[in-house]
There are 6 protein chains.
Amino acid sequence: MTRPDGRQADEMRPVEFVLDVAPHATASVLASFGQTRVICAATIQEEVPRWMKFQGVSGGWLTAEYSMLPYSTHSRKDRDSSRGKVDGRSTEIQRLIGRSLRAVVDLKKLGPRTLWIDCDVLQADGGTRTASITGAGIAAAVACNRLLEAGKLTQQPLRENVAAVSVGIVKGSGLLDLCYEEDAAAEVDCNLVMTASGQFIEIQSSGEEATFSRPQLETMLQLGEAGIRHLSHLQQQVIAAAMKPADSSGIQSLAEFFKK
Amino acid sequence: MTRPDGRQADEMRPVEFVLDVAPHATASVLASFGQTRVICAATIQEEVPRWMKFQGVSGGWLTAEYSMLPYSTHSRKDRDSSRGKVDGRSTEIQRLIGRSLRAVVDLKKLGPRTLWIDCDVLQADGGTRTASITGAGIAAAVACNRLLEAGKLTQQPLRENVAAVSVGIVKGSGLLDLCYEEDAAAEVDCNLVMTASGQFIEIQSSGEEATFSRPQLETMLQLGEAGIRHLSHLQQQVIAAAMKPADSSGIQSLAEFFKK
Amino acid sequence: MTRPDGRQADEMRPVEFVLDVAPHATASVLASFGQTRVICAATIQEEVPRWMKFQGVSGGWLTAEYSMLPYSTHSRKDRDSSRGKVDGRSTEIQRLIGRSLRAVVDLKKLGPRTLWIDCDVLQADGGTRTASITGAGIAAAVACNRLLEAGKLTQQPLRENVAAVSVGIVKGSGLLDLCYEEDAAAEVDCNLVMTASGQFIEIQSSGEEATFSRPQLETMLQLGEAGIRHLSHLQQQVIAAAMKPADSSGIQSLAEFFKK
Amino acid sequence: MTRPDGRQADEMRPVEFVLDVAPHATASVLASFGQTRVICAATIQEEVPRWMKFQGVSGGWLTAEYSMLPYSTHSRKDRDSSRGKVDGRSTEIQRLIGRSLRAVVDLKKLGPRTLWIDCDVLQADGGTRTASITGAGIAAAVACNRLLEAGKLTQQPLRENVAAVSVGIVKGSGLLDLCYEEDAAAEVDCNLVMTASGQFIEIQSSGEEATFSRPQLETMLQLGEAGIRHLSHLQQQVIAAAMKPADSSGIQSLAEFFKK
Amino acid sequence: MTRPDGRQADEMRPVEFVLDVAPHATASVLASFGQTRVICAATIQEEVPRWMKFQGVSGGWLTAEYSMLPYSTHSRKDRDSSRGKVDGRSTEIQRLIGRSLRAVVDLKKLGPRTLWIDCDVLQADGGTRTASITGAGIAAAVACNRLLEAGKLTQQPLRENVAAVSVGIVKGSGLLDLCYEEDAAAEVDCNLVMTASGQFIEIQSSGEEATFSRPQLETMLQLGEAGIRHLSHLQQQVIAAAMKPADSSGIQSLAEFFKK
Amino acid sequence: MTRPDGRQADEMRPVEFVLDVAPHATASVLASFGQTRVICAATIQEEVPRWMKFQGVSGGWLTAEYSMLPYSTHSRKDRDSSRGKVDGRSTEIQRLIGRSLRAVVDLKKLGPRTLWIDCDVLQADGGTRTASITGAGIAAAVACNRLLEAGKLTQQPLRENVAAVSVGIVKGSGLLDLCYEEDAAAEVDCNLVMTASGQFIEIQSSGEEATFSRPQLETMLQLGEAGIRHLSHLQQQVIAAAMKPADSSGIQSLAEFFKK
């Protein structure tokens, strides 16, 4: 089957990361999976949530918030603050982002701090949750490195990097990294969150008005594992380059990204 | 490894269903997976949501709401209405219940109606979402049968039955149908929603502070598939019996259930 | 005048109580007044509300919450949590339940604890607030007895039992314990909350679009007092039996109740 | 027993009404029971609530809102709008005001209109709900008369006047029209809403931490009936005078009231 | 151009202040600019907001709340508490009132207290925010004087008096103190907040669907400055008289005001 | 006096605009005033607000929303959606942005459409509201031009361009375009909104804990007028260039901007 942008079934969209688009965050990145663009920020806060103090839990906390900017969608989306509450889908996604990051962060080593992960979608074209997790993985890694370098942390809290990718079944075929048009047509939608070493953190596979078989699951898992390997490789490059400000030639800048 | 209640790793807790505990619903069932008890009700409403009218979508709708009664947990849980909003976990669960049921219901055949699925947890001991889906599957099936019998529906909207079960990895071993104590200790928590014919509707597998491998996923899927076959068999008995009020000797009554 | 279910004017519907339907509560009871069924739970919490700490009030607190489950009414009722607030009628009823119980509980003897009373209507057929108070009276009494037996309390906080019943004027005649059909047709609706010894705790008598005379009030009070005597007698039996688990032959079980 | 202000047990505080303090309302009155002062306004709106249109109910509607201005109490009271919701006590009172007025208004004769009753407490010294109902009774009557005079209504919707008064048991004795100090000390608090012809509309009698007997109820009813007769007499004078603007010598003006 | 009430372009409406209409406030005043009437109350509270404690800021705080009573407008205005939030316009006005008063109050001299300013509009006919600030200026001054006299404060926190007035451009001409009819027709609407000594505290000049020139601004500023001088003079009289209760002949009483 | 970044008192920070950073909007721009960066988007929606339909107002509407992204400030700012409401400052700013744009847009010529203006602050360093209005002015202009070109509009609704700038008095001296450090230290803060032709749309000048004189106002107005001329000139270049996609050499791209 032919994909709208001519990709192969197992081919990801162009993936790019631009660092430090929001300089007041501890670390931030504009993550792009094709036309999907998400601002991912990691911000350290020198206190823990009230429930931790109350329950006497030691160590730190990591929590995530996800939001679509109103102009990120084809028809303008009302703000959560106008509607007075976060919608169900956003709640679900921000819980997933939080769980995914907590699976690779040792909260004890954070000390009595909160690491806030914020993901704001600037442009939505499918896969906003996987781009969010992948970008948040970079932001969290760079933030931890900077806090170590600044002596605020004494031990690396991040065990390994985390990335996420979507896979799906469209007209019976497995596809990697669905764009919006494919996502809307998919019989099955699957999101994989994995570590750089190839372990699973989360699998969410669902058919809104359809079902799927064990072989279809197997196809999706294989496509997804290959996608994760590709993303992990890109992440490692960006994270490494972020720590060498003097020689940042290896990092793709926002300027170069938008020039294309 | 030994389980708290002496079960085998691949053994489910006693599962029981008591019909029509809330007689004003179209159909209702008290579903028990061991000490976990959920009131599941299916109620037909002769109108569709505003967004369907607005967008001109034909057919009907199915939506689910999930709530834990305040006395269902060991420490009393504040009501959502007191806190002014549904918490993130409940939002996530009710979206899952809704998607799971919509996967087996042909909304066109419902006509311009909403089938409300309500799941209220009376007692929580792990697996409330899977007991909810499994009970809701029965309530929805009985409701559809009654609406057909009453001539309100002319075609069966339910394609097949749906059930759900939890599996997990505890101290490295795969276990079926986790109770609360096991759930709290689990490295990986996985919920499977499947049809009576063995197709997947949803897989949600996640490690809050851990990761898992392909072989561990395989183990969990096999345990879950066996559990689903057991549940589907029980569901079919209850659904069949519900349609024979004159000879209800086959159905286990609430009285018998509580006597034990 | 003939009543829909053939009762005499001064005759109550069948009243039944099934204990411990929600085992995580300190005590719980399913209270039925005819087709009206309410889950009443009493749960002890080892802390007092913030305002008590702030104001330095000693002793404990008792508060009540009332809710109709969405499938308890003929047309499905939206949840309070979906609408974002508790409706006016529920607010009024839960305040009444709380006041009624506080009138017979010595809060000093509770110690620095909160006794939560939760009433959730499973099926509504008139008189849900009076069934709630009467069931809550049992749940509170059994909870206090259990806390004494467990040594958590050293003095009995409950001064005496509390029960409630509705009376009304329908087509000019006084009726005891109105069902929904009668309630909807009533010119005057009156709820009496009384102690086992025949003292009043609360009288709420109102005509939404009508008025009533002193003789009509007198009629309603006499009908109500007889109803309360009947309820108090039943309550005492259930509370006594609850404390003899070895010989529970005196208590009606949920099983027997649903068998009928 | 001696009352704080030297009144007899069956003596009301000075009661005064100043008309049209809020000229944009259809009719308004500042009602004073001693130091308790409430602004009561009746405002006609040329539409009915959405639920009436939706359910196809003909005629009009009457609804009430009650609020304490933040500076009406000894310690400043937070606004409902700051807290985001109306508190339980206010909800209960505004429902009572609405029921009380609807008992004497023929909604059919209002036509497709809403009569809004607003009661805002300027100064609170006990009995704010009874002052509100009594003042609202005047505002509603004057508003109906003005709408008839203006030809907007063709039939008088008001069947008769409505007034309310508080009675209580303090240290064992019955007292009429309790001030704040007495209200705080009362064992039993009773509010009576009655018509000018001596019929009951609503009786609410409750003991927060006490009980009461039939003879005590009888004492309270007798005290209250006398109070209502006094109030009804004053109401009739004010309502009659309101319709004779040329010769308003009979009405007490706000100026005279504040001069004292 | 002719004004609806025959005033000159530089002529204010009759301005009157009646003291202590809400006796539970530390000081209160009914401020009238023509038909616009606002209840302004200043209430001292013996604590500071949580953020001050949290941030360790010393001294006191002053905050303002503004609300239109539902019957203050020609068509009834829904309450903020019914809509669940304060509307944008009220938010803006109450922030302006707060800033205006804080500009003349030395918060350090207040000590660890909050001075609450409440402005509730009883009748709206244009200029409610300027009448609110001018009335609040009196209430705050009288409250401070009383707290000094009572020995609660040892230093005068009020540096000087504050007043406010509206000016506008209607059909090209500058007008002082616009009534509602003029305000609705104005091309430019300007509110000036100034001190008794003629310094500016705030200028807000805006054209909703129009623009204005430097000369027009100059005209408005001159009209406004004259209005402020007039208001400051009246304020000083009322504040001085408030402190001489024995000889209050200089103060206009509410009685006299309503008599006219 | 010396400014933190060495600017002259009448010198603006570097101002830059990058077009179309959010391609799903009708037009968008990243507006930077020094380190202050705001995403401004204009999005056309083919319907008008409900109140317009209800009131039968013809033509279109323009409304604005303003929000600070949580990582835009030095300490992370909680999201409005988490707190459940828009804070007072944001409400005030978004109302100002809306009024400013409506002053230059002929709503009749928009037809039955809403032009949404969204301003999301990416990085805050003082002057976020003036950068928002200036950027929104460009986004609105480009959006109108594109809608004309696409034939959706037949008449230009934009009368002229709008820009805004802040001025202030710091240690007694007038300064143009305050950065955060200056803003925090300012005695007087003034925001000017003006048209390209030099007319005023809005003047907001206020001293939170200080006052200002006529000569100081004059100084601020002169500084501001010069700033507006500079901004208007830059706006015209960007708007003109946006309509020549083939030859976009004149527009500064985001890439070039971030390269610096």
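Every chain is numbered from 1 and lettered A, B, ... according to where its sequence line falls, protein lines coming before strand lines.
The two residues C/F212 and D/I201 have their closest heavy-atom pair at CE2-O, 3.6 Å. Shown here for C/A103 and D/A210, the closest heavy-atom pair between the two residues is CB-O, 3.9 Å.
Of the atoms belonging to C/R214, heavy atoms from both backbone and side chain fall under 4.5 Å from chain D. For C/L96, no part lies near chain D; criterion is any non-hydrogen pair under 4.5 Å. In this structure, chain C has heavy atoms under 4.5 Å from both the backbone and the side chain of D/R89. At a 4.5 Å heavy-atom cutoff, the contact between C/S213 and chain D is made by backbone and side-chain atoms alike.
Taking a 6.0 Å sphere around CD of D/E181, one finds it holds 12 or fewer heavy atoms contributed by other residues, nucleotides or ligands.
Here the SG atom belonging to C/C190 is positioned 7.5 Å from the CD1 atom belonging to D/I203, to the nearest 0.5 angstrom. Annotation: the span from C/D87 atom CG to D/R95 atom CZ amounts to 7.5 Å, rounded to 0.5 Å. Rounding to the nearest 0.5 Å places CG of C/D189 at 9.5 Å from CD of D/E202. C/R102 CZ to D/E209 CD: the interatomic distance, rounded to the nearest 0.5 Å, is 7.5 Å. Once rounded to the nearest 0.5 Å, the distance linking CG of D/N191 with CD of C/Q204 reads 10.5 Å. Annotation: the span from D/Q94 atom CD to C/E92 atom CD amounts to 10.5 Å, rounded to 0.5 Å.
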Dump the intermediate steps for side chain to side chain contact (heavy atoms under 4.5 Å, CB included) on D/L221 and C/L217, then the final yes or no. CA-CA 11 Å; D/L221 293 177; C/L217 175 63; 3.6 Å; yes
